[in-house]
Amino acid sequence: MKIIADENMPYVDALFGDLGEIEYVNGRTLSAVQVQDADVLLVRSVTKVNAALIEQAHKLKFVGSATIGTDHVDVDYLVERNIFFTNAPGCNAKAVGEYAFIAMLELAQRLGGSLAGKVVGIVGAGNTGTAAANCLQAYGLKVLLCDPIKAEQGDTREFVSLDTLIEHADIISLHVPITKQGEHKTWYLFDDTRLNQLKPNTWLLNCCRGEVIDNRALIKFKQQRDDIKLVLDVWEGEPNPMAELVALAEFATPHIAGYSLEGKARGTFILYQKWCELLGLPVDKSLASLLPTFQFNQIVSQGDLTESQLLKLSRLVYDLRDDDVTFRGCFATTAGFDLMRKNHTYRREYSAISLTQSTQTLSDDGINQSMLSALGFN
Ligand SMILES: NC(=O)c1ccc[n+]([C@@H]2O[C@H](COP(=O)([O-])OP(=O)(O)OC[C@H]3O[C@@H](n4cnc5c(N)ncnc54)[C@H](O)[C@@H]3O)[C@@H](O)[C@H]2O)c1
Ligand SMILES: O=C(O)[C@H](O)[C@H](O)COP(=O)(O)O
């Protein structure tokens, strides 16, 4: 059996190695000729899986994308061809949630203020939006959720309209899929008009898909509104973001919000589980065995933490400042954007750290052990 896998997908050897012959490919430049004799195709978000790529792949039975998003895959065409397709829902949700939370801590520190006390609006209350909301609520922040689809489906959480969210939120974090049609389409959800509704000093984070914000409108808007602060992980026209926009963002990264080691491992593992299920094979490998012990896995803290100490602790799992600096030095070419993603040293999630407090401080505003557990520390 021939398995074609993106060369930047970790743990493929460990999980698929005894199931067939694996050939690693560059996902961005993958061609129809390379996939024509594949039985299994394992991709990431950079590969467009459509008729042009797989029309001649007559043996293809399974396409797996180790991603949450599916906008790069022509799912209808796969159904028509009777090729099984799976993505990896939720695989990197925690990573994205922690990225958003850590970015807010970083931004608060950079601006000389505090994250505590802010109201945060989450647009899209699915896996990543909920993961971000969980961190924020664990930290005691008020969170407003906007997700008309979930609301219509009977989700019992409290939802607000996008207008209400924009009116009340100090920080807005975007967590929707990219959709081009329908009542709730998200393409340019934040266009010129929406951007002009933002209240003074709003922080806007985008960790979902670049085109959820009209990037040209954002450049024009931000050039006149220095009070608005931006954290951008995703860009219109990736892998070639607009240079003017990178310069205007407080923190800028190359679509790596989901790049935790745990998230990446879960992505490949979900594809492995689905493939075993499809073939009726036993799932005889475990996700836990793939992950190395984290360098700082045991930490003892003396007393409650302040917000700046929480940020220091967070920087052990992910130092956003490093990625921001590297990105600004390399984003200007396709090769630079992709190479930074390829060479990214996958960060860890909070759960990689076992944290104990040796003493409890009797203050009301400190960050205590139960808050840290709710944030995801072990
Ligand atoms: N930057 C990254 O590395 C990264 C990582 C993972 C996912 N993503 C992107 O983030 C997206 C969201 O991921 P997820 O796991 O949360 O997906 P999900 O499907 O679990 O949740 C998305 C939510 O958005 C809601 N939604 C759709 N249209 C909406 C609208 N117009 N207004 C408000 N809510 C709307 C849906 O109802 C759903 O609940 C993915 O589709 C992917 O494109 C990016
Ligand atoms: O949809 C997703 O899961 C993310 O966008 C994913 O993290 C993108 O990473 P890639 O597949 O390009 O490595």
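One-based numbering, in listed order, for ligands and for the atoms of each. Counting from 1, the numbers follow the sequence of the chain as shown.
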With respect to atom 22 (C) of ligand 1, which of Q153, H255, H175 exhibits the smallest heavy-atom separation?
H175
Suppose we measure from atom 44 (C) of ligand 1 to each protein heavy atom; which comes out shortest, and what is that distance?
C207 O, 3.2 Å
Enter the distance from K142:NZ to H168:NE2 here, rounded to the nearest 0.5 Å.
8.0 Å
Can a salt bridge be assigned to the pair K180 and E211 using a cut-off of 4.0 Å between side-chain N and carboxylate O?
no
Could you tell me if any non-hydrogen atom of I178 lies under 4.0 Å from any atom of ligand 1?
no
NZ of K312: more than 12 outside heavy atoms within 6.0 angstrom?
no
Go through it in stages, so that I can follow the logic: the residues are S373 and S370, the test is side chain to side chain donor-acceptor pair (under 3.5 Å), and I'd like the CA-CA distance, side-chain angles, deciding distance and then a yes or no.
CA-CA 5 Å; S373 304; S370 68; over 6 Å; no
Can you list every pair where an N/O of ligand 2 is under 3.5 Å from an N/O on the protein?
unit_1	atom_1	unit_2	atom_2	d
ligand 2	1 (O)	I68	N	3.3
ligand 2	1 (O)	G69	N	2.7
ligand 2	1 (O)	R209	NH2	3.0
ligand 2	3 (O)	I68	N	2.6
ligand 2	3 (O)	N92	ND2	3.1
ligand 2	5 (O)	R209	NH1	2.8
ligand 2	5 (O)	R209	NH2	3.3
ligand 2	5 (O)	H255	NE2	2.6
ligand 2	7 (O)	N92	ND2	3.3
ligand 2	9 (O)	R341	NH2	3.1
ligand 2	11 (O)	S45	N	2.9
ligand 2	12 (O)	R44	NH2	3.4
ligand 2	12 (O)	S45	OG	2.5
ligand 2	12 (O)	R341	NH1	3.0
ligand 2	12 (O)	R341	NH2	3.0
ligand 2	13 (O)	R44	NE	2.8
ligand 2	13 (O)	R44	NH2	3.1
ligand 2	13 (O)	Y259	OH	2.5
ligand 2	13 (O)	K264	NZ	2.8

State which residues pass ring-ring contact (aromatic ring centres under 6.0 Å, His included) with W235; sequence neighbours excluded, sorted by chain then number.
F327
Around atom 7 (C) of ligand 1, find the nearest protein heavy atom and jot down its residue, atom name and distance.
I68 CB, 3.8 Å
For a side chain to side chain contact (heavy atoms under 4.5 Å, CB included) with D214, tell me which candidate from F190, W187, F221, Y188 qualifies.
Y188
Proximal candidate to atom 26 (N) of ligand 1 [heavy atom criterion; set V176, T70, N206, L165]
V176
Going by the rule ring-ring contact (aromatic ring centres under 6.0 Å, His included), which residues pair with F62 if we only count those two or more places apart in sequence or in a different chain?
F84, W275
Taking everything shown except R28 itself, do over 12 heavy atoms lie less than 6.0 Å from its CZ?
yes
Give a yes or no answer on whether the side chain of D233 reaches the backbone of A257 with a donor-acceptor pair at less than 3.5 Å.
yes
May I ask you to identify the nearest protein heavy atom to atom 10 (O) of ligand 1, giving residue, atom name and distance to one decimal place in Å?
C208 CB, 3.4 Å
For atom 36 (C) of ligand 1, what's the nearest protein heavy atom and its distance?
D147 OD2, 3.4 Å
Locate the shortest heavy-atom distance separating E250 from K229; write the atom from each residue and the value.
OE1-CA, 3.4 Å
Numbered atoms and elements of ligand 1 in range of C146, under 4.0 angstrom, heavy atoms
33 (C), 34 (N)
Given that the side chain starts at C-beta and the backbone is N, CA, C, O, which of these parts of N92 lies under 4.0 Å from ligand 1, counting heavy atoms, or is it both or neither?
side chain
Where at least one partner belongs to residues 181-194, residue pairs that pass salt bridge (charged side-chain N to carboxylate O under 4.0 Å, His left out), sequence neighbours excluded
none
What is the nearest protein non-hydrogen atom to atom 32 (N) of ligand 1, stated with its residue, atom name and distance?
P148 CD, 3.7 Å
Could you check whether any heavy atom of A93 sits closer than 4.0 Å to an atom of ligand 1, since that is the contact criterion I want to use?
no
Taking heavy atoms and a distance under 4.0 Å, where does D233 meet ligand 1: side chain, backbone, both or neither?
side chain
Within-cut-off N or O pair, N127 and ligand 1, under 3.5 Å
yes
For the residue pair Y272 and F269, categorise the inter-ring angle as parallel (less than 30°), tilted (30 to 60°) or perpendicular (more than 60°).
tilted
Please report the closest heavy-atom contact between T47 and H72, naming both atoms and the distance.
O-CD2, 3.3 Å
Please check: side-chain N/O of S260 versus main-chain N/O of R348, any donor-acceptor pairing under 3.5 Å?
no
Region of T186 engaging ligand 1 - heavy atom pairs below 4.0 Å
side chain
Which one of F377, Y350, F296 satisfies the side chain to side chain contact (heavy atoms under 4.5 Å, CB included) criterion with V317?
Y350
Is it true that G90 lies under 4.0 Å from ligand 1, counting heavy atoms only?
no
State whether the number of non-hydrogen atoms from other residues, nucleotides or ligands found under 6.0 Å of Q223 atom CD is greater than 12.
yes
Can you name the atoms of ligand 1, numbered from 1 with element, that are less than 4.0 Å from a heavy atom of T128?
12 (C), 13 (O), 14 (P), 15 (O), 16 (O)
I need the contact type for H184 against ligand 1. Using non-hydrogen atoms and a strict under-4.0 Å cut-off, is it side chain, backbone, both or neither?
both
Identity and separation of the nearest protein heavy atom to atom 27 (C) of ligand 1
I149 CD1, 3.5 Å
Give the numbers and elements of all ligand 1 atoms closer than 4.0 Å to a heavy atom of G258.
2 (C), 3 (O)
Does L136 reach the side chain of I122, with side-chain heavy atoms less than 4.5 Å apart?
yes
If you draw a 6.0 Å radius around NZ in K264, do more than 12 non-hydrogen atoms from other residues or ligands fall strictly inside?
yes
Give the residue and atom name of whichever protein heavy atom lies nearest to atom 21 (O) of ligand 1, and the separation in Å to one decimal.
G126 CA, 3.2 Å
Counting from 1, what ligand 1 atoms have a heavy atom of R209 closer than 4.0 Å?
8 (N), 9 (C), 42 (C), 43 (O), 44 (C)
Is it the side chain, the backbone, both or neither of V96 that has a heavy atom closer than 4.0 Å to ligand 1?
side chain
Could you list the atoms of ligand 1 found under 4.0 angstrom from a heavy atom of V234?
1 (N)
Nearest protein heavy atom under 4.0 Å from atom 19 (O) of ligand 1, yes or no:
no
